[in-house]
Amino acid sequence: MTVKYDVKDLGLAAEGLKRIEWADNDMPVLRMVRERFAKEKPLAGYRMSACLHITTETANLARALQAGGAELALCASNPLSTQDDNAASLVKDFGISVFAIKGEDRDTYYRHMNTALDIKPNVTMDDGADLVSLLHSTRKDLAGNIVASMEETTTGVIRLRAMEKDNILKFPVIAVNDAQCKHFFDNRYGTGQSTIDGVIRATDHLIAGKKVVVCGYGWCGKGVASRVRGLGANTIVTEINPIRAIEATMDGFWVMPMAEAAKLGDIFITVTGNMHVIRQEHFDVMKDGALVCNSGHFNVELDLETLEKTAKSKRPKVREFVDEYTLKNGHRIQVLGEGRLINLAAAHGHPASVMDMSFAVQALATEWAIKNRSKLDNRVHDVPTSIDEWVAALKLESMGIGIDTLTAEQVKYLSSHDMGT
Ligand SMILES: NC(=O)c1ccc[n+]([C@@H]2O[C@H](COP(=O)([O-])OP(=O)(O)OC[C@H]3O[C@@H](n4cnc5c(N)ncnc54)[C@H](O)[C@@H]3O)[C@@H](O)[C@H]2O)c1
């Protein structure tokens, strides 16, 4: 197979390789999958197009899939999340086709996605359902080849479920995000830590004593809120779901509508998967110097289009990942990472240890979908519980943590209705 690529600079490969190996040190479960795949070749003969953040953790997933026998083409699931040294190493050291450059413009981003699809995949992998969208619009001709598609994130699963509801899905998709070993840990602890990492790298600001507004108290929001609180911030949560709002209140956060929080916050972080969560009416009442960023999947959570039109002036790149807008009232709003996922734009995304579980699930779900291809209909399927349990057990083992097992008496008690009263 010929390796094709469009990456920034193959000369960066040596640095990328060191970082891929560093991440691999912290991905023991995925490594076990890779070693088994290398022996059993469960993906032999399959062509896979994967649209994921091109990070060192993704590189290790790609190594596992390649070891399993898959022919791979990778492209980015966000124009700012590619790590160029890592992309170079994937091409040069591992012979994997990659089409991704950090900071690529919209046309290049879509061209890269289309090029990754040119291998005529039988399996696709998405982080945000972009490949699936193309396979249902401009690349419909390729949809008939697809055995299954894996989806990594909440926003992608929401889109796919909407397609399922409208009865238009052309092939089965697997909701990898919904596996417990994915969203319990990756969305909460991964996004929690890496989002703060992104804010700090972009600004060098102190978090302690700041008023930080976290919009959305889902899996990601819980992680972000608990981490900023740990750094000493006064943390405010905004929500639209009453149950999650109570949860945030009882977890000890201030909860209030965005209209009130906008006046108080020093730093705003959106993680809702929704659009225009922070709008002009909110920018207009913010303090001078307020920092605004997003860690939800798409760059639609902040209404930057309106801000761009209504601001008196804009100073792009006052720092590498900061654009400063001056409003008509003279207040400056600092927008981080162009409103794109700040943890991947300004930092390196989730730590390898947590992606170990997410990507072990991805690899095993791919193997499962291929094995069960004749039984899967064109809807959104959950990852089997057995995969979740296997990944969790091995992760615990790798952490040197043992847990109890049920005694025979306990098994009987838990399955009976007449004991212990
Ligand atoms: N940055 C990353 O690396 C990363 C990682 C995983 C997921 N994500 C993305 O983060 C987003 C959130 O994911 P999640 O798993 O936490 O989803 P989730 O569904 O668990 O939580 C989203 C929360 O936002 C709330 N919400 C919706 N609209 C709102 C609004 N207008 N104001 C306030 N709250 C609102 C919802 O009620 C919900 O509680 C998704 O787009 C997901 O794809 C990003």
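Whatever order the structure lists them in is the order used to number ligands and atoms, beginning at 1. Side chains are part of it too, since the values below use all heavy atoms of this structure and drop only hydrogens, waters and symmetry mates.
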Worksheet entry | Non-hydrogen atom of E239 closer than 4.0 Å to ligand 1 | yes
Practice prompt. May I ask you to say whether D284 pairs ionically with K263, meaning some side-chain N is under 4.0 Å from a carboxylate O?
Written response: no
Practice prompt. Name the closest protein heavy atom to atom 16 (O) of ligand 1, giving the residue it belongs to and the distance to 0.1 Å.
Written response: C220 N, 2.8 Å
Worksheet entry | Protein contact of atom 29 (C) of ligand 1 - nearest heavy atom, named by residue and atom, plus distance | I240 CG1, 3.5 Å
Discussion item. Treating K287 as the side-chain partner and L264 as the backbone partner, does any N or O pair qualify as donor plus acceptor under 3.5 Å?
Written reply: yes
Worksheet entry | Within 45° cone of F321 ring axis and under 6.0 Å: R201 NZ or CZ | no
Worksheet item: Identify the closest protein heavy atom to atom 12 (C) of ligand 1: which residue and atom is it, and at what distance?
Response: V271 O, 3.5 Å
Discussion item. Please check if the number of heavy atoms outside I403 that lie under 6.0 Å from its CD1 is greater than 12.
Written reply: no
Worksheet entry | Salt bridge present between D141 and K120 (N-O < 4.0 angstrom) | no
Worksheet item: What protein heavy atom is closest to atom 14 (P) of ligand 1, reported as residue, atom name and distance in Å?
Response: T154 OG1, 3.6 Å
Response to the item:
The answer for which part of N343 has a heavy atom under 4.0 Å from ligand 1 is side chain
Item to complete: Under 4.0 Å from a heavy atom of G273: give me the atoms of ligand 1 that qualify, with their elements.
Response: 11 (C), 40 (C), 41 (O)
Discussion item. So for atom CZ, which belongs to F94, do other residues, nucleotides or ligands contribute more than 12 heavy atoms lying within a distance under 6.0 Å?
Written reply: yes
Worksheet item: Which is it for T191 and ligand 1 at heavy atoms under 4.0 Å: side chain, backbone, both or neither?
Response: side chain
Practice prompt. May I ask you to identify the nearest protein heavy atom to atom 43 (O) of ligand 1, giving residue, atom name and distance to one decimal place in Å?
Written response: T153 OG1, 2.6 Å
Practice prompt. For ligand 1, find out whether one of its N or O atoms is nearer than 3.5 Å to an N or O atom of H297.
Written response: yes
Discussion item. Are more than 12 heavy atoms, taken from residues, nucleotides or ligands other than K210, located less than 6.0 Å from that residue's NZ atom?
Written reply: yes
Discussion item. Check E367 with R36, please: is the shortest side-chain N to carboxylate O separation under 4.0 Å?
Written reply: yes
Worksheet item: Between D85 and R19, is there a side-chain N and carboxylate O pair less than 4.0 Å apart?
Response: yes
Worksheet item: Under 4.0 angstrom from ligand 1, any heavy atom of K222?
Response: no
Response to the item:
among protein heavy atoms, the one nearest atom 44 (C) of ligand 1 is S295 O, 3.2 Å
Item to complete: Hey, can you tell me if F99 and H112 have their rings parallel, tilted or perpendicular (30° and 60° cut-offs)?
Response: tilted
Worksheet item: Any idea which protein heavy atom is nearest atom 41 (O) of ligand 1, and the distance to it?
Response: T155 OG1, 2.5 Å
Worksheet item: With a cut-off of 4.0 Å, which atoms of ligand 1 are near a heavy atom of R244?
Response: 18 (P), 19 (O), 20 (O), 21 (O), 38 (C), 39 (O)
Worksheet entry | For T238, atoms of ligand 1 separated by under 4.0 Å from a heavy atom | 33 (C), 34 (N)
Discussion item. Please work out, at 4.0 Å between heavy atoms, whether the side chain, the backbone, both, or neither of N274 comes within that distance of ligand 1.
Written reply: side chain
Response to the item:
At under 4.0 Å between heavy atoms, what of M258 touches ligand 1? The answer is neither
Item to complete: Indicate whether the side chain of D93 and that of S89 have a donor and an acceptor atom separated by less than 3.5 Å.
Response: yes
Response to the item:
heavy-atom search around atom 22 (C) of ligand 1 in the protein gives T272 O, 3.5 Å
